[in-house]
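Okay, structure first, notes after.
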There are 2 protein chains.
Amino acid sequence: MSHSESTPVTAADKTFLQLRKNIVEGVISAGSKLSETELSTKYAVSRAVIREAINRLETCRLVERKANIGARVVALTADGLLELYQIRESLEGMAARLAATHMSDEEIAELKDLLTQHFEEVKDGHSYYQEAGDVDFHYRIIIGSKNKQLISLLVDGIYHLVRMYRVQLGMAGPRVTTAFGEHQQIVQAIVNRDPELAEMLMRRHILYSKNNIQSKLQILNPTHKRRTS
Amino acid sequence: MSHSESTPVTAADKTFLQLRKNIVEGVISAGSKLSETELSTKYAVSRAVIREAINRLETCRLVERKANIGARVVALTADGLLELYQIRESLEGMAARLAATHMSDEEIAELKDLLTQHFEEVKDGHSYYQEAGDVDFHYRIIIGSKNKQLISLLVDGIYHLVRMYRVQLGMAGPRVTTAFGEHQQIVQAIVNRDPELAEMLMRRHILYSKNNIQSKLQILNPTHKRRTS
DNA sequence: CCCTCCCACATTGTCGACAATATGGGGATT
DNA sequence: AATCCCCATATTGTCGACAATGTGGGAGGG
C-alpha cells in the first residue's frame, strides 16, 4: 500500500526491491523460474526471505506462483501488454477526471511548470522526455486524483508491469512529439476544471499509445492476426 | 492470479480462505490486528503458514502490513467505499465495453437467461437477487471482457473488498428494483454489440449504486461534509 | 523400439528456535 | 506532579532442518 517507497528496513524489503529491479529491467528474463534455493544462495539470505520477496512480487503481479511447483516471472505476451493498456485507459481516465476536481491550484501550477520544463528539453532535442518525463506527468495526475486505492493500484502495481513489458518487448518510450501536445490538452482541461474532457483526453492519449505499440508489435511479429480492441 | 478458486491444496491455502471469509463477513472486525502467534495457535498451524496467508490477504488488499509492527485488517472508511466504487465504475465500464465485442453468442444467450431467471425470482418477491444474483451478473460481464488481467484485478481483489465494506458498513445489497432495469439495458447493449453504449450504461449503473450508498451513509453519519465526486 | 511404472532426486511447504525490533511501564530526576 | 530514560516483554523477522510434493530417468515388459 506504500507507494512512498520508504527506505527498506528489512532484508526481505531489499531483496524484493533488487528482484523487482532485475525483473523490470530484464536482467531476469520473462517466464524464467525463480528457484528459492538458488536465489537464497545468490543473495546470501535464507529461503524465508526469498519467499517473502517472491510473495511481494506476486502482489505486484510480476510473478506467478503455483503450489508445489514454484514461481515464474510472468510470461510476456503482446496481448498482455495491450490488456494492460486497456486497464490504464480506464483507470487513468478516471484519475484524470478526479484530478480535474481534486487537484489543488498549487498542484496544477506545478503540473504546468513540469510541462513547460519538458517543452524546453524537447525543444533542445533532449530525449529525456522519453521515459521519466512521461511517467512523471502521468504520476502527478494519478496522485492528483486523491483516490488512495486508485493511486496504489496504479503506482504500486500496474506501472511496474508496464515498464517490464515495454523493456522486454523492446518498446521504446512513448511517442515523443505528438504525446507532448496531448499532455498539453489534458493539462488545459484540468486547469479549466473540466472532468469530462480531462477523462476523455486522457483515454484518447492512452488509446493512441496503445495503437502505436500495437502497430509496432505487428511489424515485429506479423504472423499474429489482428485483434481489434 | 487464479480467479478459478481451485480446491485448496496447501495449509496456507485453507488458512487464507478461512481468514478471508472471516474478514469479509466481519467475524474479524475491520481495523483489528492480526497477531501471528495468536492466529497460529488458534488455527493450529505454524507461524510460517499464517505469514503466508497474511501475505495473500495483503495481495487482495484486505490487510495492511507494517514492518516490525504487524498486520491489520484495512480500516473501513465511508470514503474508502466510495473510492472503490469509482474504481469499479471505471474498470467495469471497460469490462462491459470489451464484453460487447468479445463475448460469444453463447455467453450472451446465457447472460440473457440469467436475467430472465432473476426476473422470475424478483417477480415472485424473492430477495435472492439482492446479493448473489447481482454479483453473478457483473461477474459474467467481467469474464466476458476476456481481458485476463482485468478479470484478475476485479475478481481476485476488488470484489472481496467491496463485499467486506458493504457488510461492515451495514450496506444491504444493491437497489433491487431499479437495478434490474439497468441490467436489462446493459444486456441489450451487449446483444447489439454496442461497446460505447454498454460502457456508458455500466458506468451509470455503478454510479447510481454509488450515489445510493452515499446517501445512505450521509443518513447514518450526517456529520461528514459532502464530498462530491 | 516404445511404452509404462517406479524410484531417487530436487524443489517447495511447514515447523520450531533464535535474533532484531517496537512497546509500555517503572523509576529517577527536576 | 510531570517528564524523560531505560529496560523487560511481547511481537515480528530470519534461519536451518524436516516433511510433502512434483519431476525426470532408468528398468522392465510388451
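In the text below, chain A, chain B and the rest are named by the order of the sequence lines, each starting its count at 1. What's counted below: heavy atoms across the whole structure, side chains too, no hydrogens, waters or symmetry copies.
Closest contact between the side chain of A:R65 and the listed nucleotides D:dG13, D:dT14, C:dG13 involves C:dG13. Here the nucleotide nearest the side chain of A:T37, chosen from C:dG13, C:dT11, D:dT12, is C:dT11.
A sub-4.0 Å separation between OP1 or OP2 of C:dG13 and a side-chain N or O of B:K14 is absent. Close to D:dT12, at under 4.0 Å from its OP1 or OP2, lies a side-chain N or O of B:K33. Listed pair A:S46 / D:dC15 meets the phosphate criterion, a side-chain N or O lying under 4.0 Å from OP1 or OP2.
Heavy atoms of A:I50 sit nowhere under 4.0 angstrom from any nucleic acid atom. Within the nucleic acid shown, B:T10 comes within 4.0 Å of sugar-phosphate atoms alone, with no base atom in reach, counting heavy atoms only. Contacts of B:L34 with the nucleic acid, taken as non-hydrogen atoms under 4.0 Å apart, involve only primed sugar atoms and P, OP1 or OP2.
When rounded to the nearest whole Å, the span between NZ of A:K66 and P of D:dT21 equals 19 Å. In this structure, B:N68 atom CG and D:dG13 atom P are separated by 6 Å, rounded to whole Å. The interatomic distance linking A:I54 (CD1) with C:dT12 (C1') rounds to 10 Å, in whole Å. One interatomic measurement links the two molecules: CG of A:L39 to C1' of C:dT11, which rounds to 13 Å at whole-angstrom precision. Taking atom CD1 of residue A:I69 and atom P of nucleotide D:dT21, one finds them 13 Å apart after rounding to whole Å. Regarding B:Y43, its OH atom lies at a distance of 18 Å from the C1' atom of C:dT14, rounded to whole Å. If you take CZ of A:F16 and P of D:dG13, they are 15 Å apart, rounded to a whole angstrom. One atom, CD of B:E52, and another, P of D:dT12, lie 16 Å apart when rounded to the nearest Å.
Taking the six-membered ring where tryptophan is involved, the planes of B:H183 and B:F137 are essentially parallel, since the angle between them stays under 30° and well short of 60°.
Side-chain contact between B:E25 and B:M164 is absent, with no heavy-atom pair separated by less than 4.5 Å. Taking 4.5 Å as the limit, some side-chain heavy atom of B:L34 sits within range of a side-chain heavy atom of B:I28.
Each of A:R47 and A:A11 was matched to the nucleotide of DNA chain D holding its nearest heavy atom; the match closer to the 5' end belongs to A:A11.
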Starting from the C-alpha separation in whole Å, work towards a yes-or-no answer on salt bridge (charged side-chain N to carboxylate O under 4.0 Å, His left out) for B:R56 and B:E52. CA-CA 6 Å; B:R56 300 198 199 173; B:E52 178 82 21; 3.4 Å; yes

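With rounding to the nearest 0.5 angstrom, the CG atom of B:L114 is 9.5 Å from the CD atom of B:E110.
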